[in-house]
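Structure incoming, see below.
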Amino acid sequence: MPVTREQMAAVLEEIALLLEIQGENPFKVRAYRQGAEVVESYDGDIVALAVENKLDGIKGLGEALRDKLHELASTGELGFHKKLRESYPDSFFTLFQLDGLGPKKIAALHKTLGVDSIPSLKAACEAGSVAGLSGFGAKTQTKILEAIGRIEQAATAFRLDVATLAAEEILEELRKHPDVLRVSSAGSLRRSKEVVGDLDFIVATNDPAALTKFFGALPQAKEIIVQGDTKCSIRLEDGLQCDLRAVTNAQFPFALQYFTGSKEHNVAIRSRALKHGWSLNEYGFTGNDLPTVNEEGDIYKALGLDFIPPALRENRGEIEAADEGKLPRLVEWENLRGTFHCHTTDSDGKNTLNAMAEAAQELGLQYLGISDHSKSSPQANGLNEVRLAKQIDAVAAWNKEFGSAQFRLFAGSEVDILKDGSLDFSDEMLSSLDWAVASVHNATSLDEDEMTKRIIRAMENPYVTMLGHMTGRLLLRRDAYRVNHEKLIDAAAETRTVIELNCNPKRFDMDWRWWHRARDKGVLCSINPDAHSTGQLQYIRFGADVARKGWLRREDVLNTKPLAEMAEWLKLPKAKR
DNA sequence: GCCGTTTTCGGCCCGACTGTTTTCAGTCG
């Protein structure tokens, strides 16, 4: 049974935890943790490389990790890992999810009380035996019980759209405060991560203590987690944690850069600063001959780098690119001229064809590609051939009455990819459409090989313009189905099939981590909202943010083409696209 | 355990806050 990339990363991560528990050298622990990160985000088939023992030259994987990954990938097991975790049950690792508990405390609880799961920890707290331990106390015991309570009712991660709304409300409150000079969100939200764990805010002010006090007293704050003179953390009603850092105006760019992260990006940036003879932290540079810094961009400039947009700050090659002046000019939402993939009341949409067309025009778009579900998705009221033919006529009628050189609709379908990779409509039916997006909606538990072949077969169809939500994941709710991304990207390049960036915030699928690779293979991206209502067309703003995260430029995104060009492009046979 | 304009050893980010302490360890970001 071959291991997956995720399993390999998880093993390294678990080793890091176990070494930490044992009090191992923290730098060794970090090496394993970074190894997990590298495996997780490596751009290529790292499992195959590990099996073949060809991991040389990958930064962050030294000899020891390479050997271990090879053993793991080729035998399905790693002796070192197995031995380490002998005395710990699976449930032990859930303890690390608890706020306020780290390796030292968990090790102490395990050693003295035999705690090896959340339930056993809960029992120990309720019996009062935790408070008596050295280094623990009554408050710690209460905090542990509270943390367990939060875990039990979930919600420790939030979708980008949910987080964005919450952040905008709080930013508005902060802007109103008279002592605020500058304010910004930071953290993973500013980096446009698809899911965020908390919100970070930075304010520049001459009265930091007043701001942390103000923050703790916000109407949105259900609970104050910590509150000092320069930082304050609150928890909102829905469990979302928000952190504020109050700094001086001079410190602001440094704090903004620092708390935007990512951690990995910052480690690399700081080591670069050291080479310039400066030390860099959240308050400024220290050292000799310090540069003038007024804006965040001045920090990058001082280090000889082009400005790195927050979305790219994941330590995935952006620093090297900025050093060489080779950062891409990223796509912006204003570059989008139209969009594809939306539903109407004909299948499971909330609004009519007319309403969707109007909403698209209000957004300033020049075209909208309609795509209701096909007949094998009865749960979504999918269209059969007769109803689809009617809709094609309705689109033509709409274009005749309202269409112009400024706006038109494209008739399409979100056609189901059936279990064997054939499509829900005949080629003849599909050929009468302007475009089609092919998606998997059933038989989602096929193994990776079958699923990959199934989707490739669909992409080989001459009338499939684009592949819809590649993995079917629903963020925080449903795992991706098993596909081989490398092979699908290669097939898309080969068949000239566009890959959709489904920017419904529940999905963001294909994942941003794969777009750089797809782009370099010449695959086009279509930023599609998968809108089931007029309001959801606005998801394309998030889509542009996530596309930026995937290093995509304007020319990599199909729907930056203006209407006339798009209409011509859709008429081309796939091979000529 | 990884890495190298400090190149095979000696560094590897560090400050704020909390709770248990009485000068600090642990956690977090």
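We name chains A, B, ... by the order of the sequence lines, and we start the count at 1 in each one.
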### Message
Under the side-chain hydrogen bond (donor to acceptor under 3.5 Å, both in side chains) definition, can you give me all pairs with a residue in residues 170-187 of chain A, not counting sequence neighbours?
### Response
A/Arg182-A/Asn249

### Message
Show every side-chain hydrogen bond (donor to acceptor under 3.5 Å, both in side chains) that has at least one partner inside residues 157-166 of chain A, sequence neighbours left out.
### Response
A/Arg159-A/Asp161

### Message
I need the full list of side-chain hydrogen bond (donor to acceptor under 3.5 Å, both in side chains) pairs touching residues 27-39 of chain A, with sequence neighbours left out, sorted by first then second residue.
### Response
A/Glu13-A/Arg33, A/Glu20-A/Arg33, A/Glu24-A/Lys28, A/Tyr32-A/Lys68

Exercise answer: donor-acceptor pairs, residues 300-311 of chain A side-chain atoms, under 3.5 Å, sequence neighbours excluded:
residue	atom	partner	partner atom	Å
A/Tyr300	OH	A/Gln257	NE2	3.0
A/Tyr300	OH	A/His265	NE2	2.8
A/Tyr300	OH	A/Arg313	NE	3.2

Review item, side-chain donor-acceptor pairs of residues 216-232 of chain A, under 3.5 Å, at least two apart:
residue	atom	partner	partner atom	Å
A/Gln220	NE2	A/Glu169	OE1	3.1
A/Glu223	OE1	A/Arg235	NE	3.3
A/Gln227	NE2	A/Thr212	O	2.9

### Query
Do any of residues 206-228 of chain A sit with a heavy atom less than 4.0 Å from DNA chain B, and if so which?
A/Val226, A/Gln227, A/Gly228

### Message
Once salt bridge (charged side-chain N to carboxylate O under 4.0 Å, His left out) is applied, do any residues pair with A/Glu126, and if so which ones, sequence neighbours excluded?
### Response
none

Can you give each donor-acceptor pair under 3.5 Å made by side-chain atoms of residues 319-327 of chain A, sequence neighbours left out, with the distance rounded to 0.1 Å?
residue	atom	partner	partner atom	Å
A/Asp323	OD1	A/Arg272	NH2	2.8

### Query
Which ones in residues 100-110 of chain A lie close to DNA chain B, meaning a heavy atom under 4.0 Å from one of its atoms?
A/Gly100, A/Leu101, A/Gly102, A/Pro103, A/Lys104, A/Lys105

### Task
At the 4.0 Å heavy-atom cut-off to chain A, mark where contacts on DNA chain B begin and end, going 5' to 3'.
B/dG1 to B/dG29

### Message
Are more than 12 heavy atoms, taken from residues, nucleotides or ligands other than A/Glu63, located less than 6.0 Å from that residue's CD atom?
### Response
no

### Task
Using heavy atoms and a sub-4.0 Å distance, could you list which residues of residues 250-257 of chain A are near DNA chain B? By number, please.
none

### Summary
So, with a heavy-atom separation below 4.0 Å from DNA chain B, the residues of residues 290-306 of chain A are none

